[in-house]
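For reference, the structure is listed below as structure tokens.
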Amino acid sequence: MNLIVDILRAAIPAGTPLLLGTLGEIYVERSGILNLGVEGIMIMGAVTAFGVTTLTSNVWLGIFASTITGGMMALIHAFDCVTLKANQTLSGLALTMLGSGLSGLIGKRYIGMPLSSKLQNVPLKGLVNIPVIGPVLFDQDPLVYISYILAFLFWFFLFNTRFGITLRSVGESPEVADSAGINIPAIQYFAVFLGGIMSGLGGAYLSVAYAPVWIEGMTAGTGWIVLAITIFSLWRPERAILGSYLFGGVRVLQYRLQPLGISPNILNMMPFVFTILVLMIASREISKKRIGAPASLGVSYQREKTL
Amino acid sequence: MGKVIQMKGIVKSFGNIIANNRVDFDLREGEIHGLLGENGAGKTTLMNILYGLYSPDAGEIYIDGNRVDIKSPSDAINFGISMVHQNFKLIQSHTVVENVALGLKGTGFFFPARTVERRIREFSQKYGFKIDPHTPVWQLSAGEKQRVEIVKAFCRNAKVFILDEPTSMLTPAETGELFKLLRLLRVEGKSIILITHKLDEVLEVCDRITVLRGGKKIKTVDINEVNKKDLASMMFDQEISFLGRENRMRKVDKDIILEIKNISVLSDKNLLAVKDVSFNIHRGEIFGIAGVAGNGQKELVEAITGLRRTVNGNIYILGRDVTNVGPREILDKGVAHVPEERIRMGVVPSMSLEENFILRSYNKEPFSDGLFLRYDVISNHAKELISRYKISALDEKSPAITLSGGNIQKLILARELTISPVLIVASHPTQGLDMKSIQQIHELLLKQKEDGCAVLLISEDIQELLSLSDRIAVMFDGRISGIRNTDETTIEEIGMLMVGGGDRV
Ligand SMILES: Nc1ncnc2c1ncn2[C@@H]1O[C@H](COP(=O)(O)OP(=O)(O)OP(=O)(O)O)[C@@H](O)[C@H]1O
Ligand SMILES: [Mg+2]
């Protein structure tokens, strides 16, 4: 019993960067834009948060700075895809390469340095005493609590507001949205920018809360897993919670199983094997329930051309 | 009366085609203005320019006397213009409510669905448009989608309504309700532009009429100055007769081509949409199915063409059991299918005309030599069909979506009829066609009948059913509420059966 609570409790922080990134990517893809640059934005968020925290000794300033970096990087992508109508896949991949290179350069001096002020756990009084749920959910750091709230807000806005209908319509059919008088570039810029902020935040979580150090390439595929969870969640924020913590759990198991003598190579494969499994499950569900990716995902829209 | 809209010298060309050639058009306050012209005359193009979807090459637009620049639909909406599109602008995966709410002003930021749902219910009650607000659009039949498209346009507060062929799939009763609404709006001082190919409708409801031909404006006339014949002679360069050819050979063969035995079919909502339906169609028979959209016609057709599984019963073609064998095998049995939604199901919009012509036979001689496609043959085939069916298009290489609505319909018919079918399943085959093309299609269907082909004809146009069919079945609530010999029935009787009156068979 204690072991299970222990694993679940560790799965939450392990899944939090995934959740933050996925929430953002869901909005981006719902607007019809594919951003394969998540990995690059996350690593830039991580190095920014670490650097600014080291400079100012204020972890919250570090976190804030990472959202700015993330948003700015995403704007490059938005400019490519929305304004220039460039190939979205290429632009995203370029962003990932840019991020990993640049973060390595910036981060050189932080390698091996301890973080001056780390994000601490804040048990929520009262709630933490609930058996099982309390210690698992409510003995975490503040950014985890913020991610709970964000997940709720992302779900609420997507399905219960005018903005949500507009965003989803743009991704399904920009042609229809256009003829309803929607300003498509504005919606797409906003969604991509917001996605960048969330990825930056996810990266920051890695370097100032989860493992408060800077290691080059420390995101280690987190951004790619975010893209997989986006599909697994069927572009729904509430399912992103499930997906992210599942992956968090896999990551935790990876460490717990190591002392049992299982080859670390096999354990390192686990998240990726799991990714493939999860995508298989998702695609079955997609064909059964006849839901799918936003219908115009990855397609640029130009008024008279597509009519 | 003031002029709400004035369009002066509008020019718009696509490649070599001049879709609008110095067109002048004006709309008065509180009038219903009919816009007529054959397929490809440039009606939709002119309206798309007014709605900001196309930008004109030349010309000026005035609203309430002021020169305006309509750069996008959002500009048009702000000027108080609302539009029913010929090619429905609906999001398939969203519900009716979400579609209507998109871009609608005055719904509140939070929970917009609540206000919109109320508005839809009010509207459908007041005007007899049956719509379930929470159904996803992809589950609706084409006729139901047309209702949604109409409701969407009228839920907006506008002073000018552009209706591009709003009645192509409505029943006479629904059309009547729509016209009632138009007259009400006219009293309120709203202005309406109505595009349709049905001259009777135009004469019934319009105040003035503008006729386009070959991209040019021919004339604007007052309704009491003209009759049907004048209008037709303005629309077409040659004389056309109104009677057209009717099915006078009501004799049918004994051989059964299609046998439907007690079939039941589920809808996308997993409800029984077709309930224990049986009928036979004989060699050389045109069998009509009448009914209000959404009473199981779509599911029935999809079951016969292999696109939807049956849960019960059997389907035989030429005596062979083809229940649930899948579309490919059914097509190869010689079944032609003219689907109800031409753009979604009839063509691949982004592919060229020539490729669309061979969708059924791309893998067979002479179009394929086993490994490669033979584009010289394909292109000649396309050229021949384009001229035989008088399809107006830039050339055979242009994407299907660039054709006008009526011409896309002709493309589909041309493709389906070249296979010399044994059975034609045609849903609304003449929707959106001008009178000349309708006659052409009717000729084709009757010719097929004489050659021994069986035809299943689904239509909401009772007149068309009466003039073509040998027998007419009426569907209501998933059942056949009656089958009549065309010679022994009347419009009134069919109308009664359509709303559920009558015998059950
Ligand atoms: N986006 C486009 N690209 C190329 N050609 C086009 C495009 N839109 C329209 N056309 C051409 O312009 C001409 C006029 O088309 P339009 O759709 O305005 O006709 P219409 O009068 O509405 O006909 P219908 O009654 O068949 O709907 C047609 O020849 C059509 O092929
Ligand atoms: Mg048209």
Side-chain angles (χ1 to χ4, degrees), chain A residues 26 29-32 82 152-188 190 234-236 285-307, chain B residues 12 14 44-45 48-49 51-55 71-79 81-95 97-116 136-139 149 152-153 156 268 343 349-350 399 401-402:
Chain A
I26 286 176
E29 295 195 9
R30 284 281 190 173
S31 83
V82 182
F152 171 78
L153 289 179
F154 270 64
W155 165 81
F156 182 83
F157 274 81
L158 194 56
F159 294 110
N160 294 294
T161 63
R162 263 175 76 118
F163 166 75
I165 292 180
T166 309
L167 177 70
R168 285 184 284 130
S169 300
V170 169
E172 287 293 332
S173 170
E175 186 196 330
V176 173
D178 185 30
S179 67
I182 304 299
N183 184 343
I184 292 168
I187 297 283
Q188 291 182 328
F190 175 76
L234 307 175
W235 297 270
R236 301 181 76 94
E285 243 176 316
I286 286 170
S287 61
K288 220 170 67 194
K289 293 187 192 158
R290 289 233 220 166
I291 29 175
S296 298
L297 183 58
V299 190
S300 300
Y301 171 70
Q302 235 167 329
R303 193 170 288 148
E304 291 191 27
K305 295 269 155 58
T306 33
L307 269 168
Chain B
K12 178 75 187 175
F14 300 100
T44 300
T45 305
N48 279 347
I49 288 171
Y51 193 64
L53 280 167
Y54 289 163
S55 58
K71 287 197 282 308
S72 66
S74 136
D75 288 348
I77 291 167
N78 289 333
F79 285 125
I81 302 174
S82 180
M83 180 161 175
V84 169
H85 301 271
Q86 180 177 17
N87 304 330
F88 312 144
K89 304 260 188 211
L90 299 172
I91 291 173
Q92 302 293 331
S93 59
H94 285 187
T95 62
V97 170
E98 286 170 327
N99 269 285
V100 175
L102 178 64
L104 189 65
K105 301 207 164 70
T107 55
F109 185 78
F110 294 105
F111 307 109
R114 291 184 190 167
T115 17
V116 173
V137 164
W138 64 268
Q139 295 181 349
E149 182 74 22
K152 193 179 73 169
R156 286 171 190 274
D268 291 321
I343 294 183
S350 58
I401 193 67
T402 62

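Reminder, nothing fancy here: chain letters follow the sequence lines and each chain counts from 1. Note that the structure is a prediction, hence the values are computed from the model and not measured.
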Interchain contact, B:Tyr51 with chain A, by part (heavy-atom threshold 4.5 Å): side chain
For chain A, the option from B:Ser72, B:Pro112, B:Ala76, B:Gly103 that forms the most heavy-atom pairs under 4.5 Å: B:Pro112
Ring geometry between A:Phe156 and B:Phe111 (parallel below 30°, tilted from 30 to 60°, perpendicular above 60°): perpendicular
Flag side-chain contact, heavy atom, 4.5 Å: A:Arg303 against B:Pro73: yes
Contacting region of B:Arg114 [heavy-atom separation from chain A under 4.5 Å]: neither
Gap between atom OG of A:Ser179 and atom CG of B:Leu102 - 0.5 Å precision: 8.0 Å
Chain A contact via B:Ser82 - which portion, at a heavy-atom distance below 4.5 Å: neither
Minimum heavy-atom distance between B:Ser74 and A:Gly181, given as atom pair plus value: CB-O, 3.3 Å
Point-to-point distance, once rounded to the nearest 0.5 Å, from OG of A:Ser169 to CD of B:Glu98: 7.5 Å
Rounded distance [0.5 Å steps], CG in B:Leu104 versus CD1 in A:Ile165: 9.5 Å
A:Phe157, part contacting chain B, at a heavy-atom distance under 4.5 Å: side chain
Nearest-0.5 Å distance, CD of residue A:Glu175 to CG of residue B:Leu53: 8.5 Å
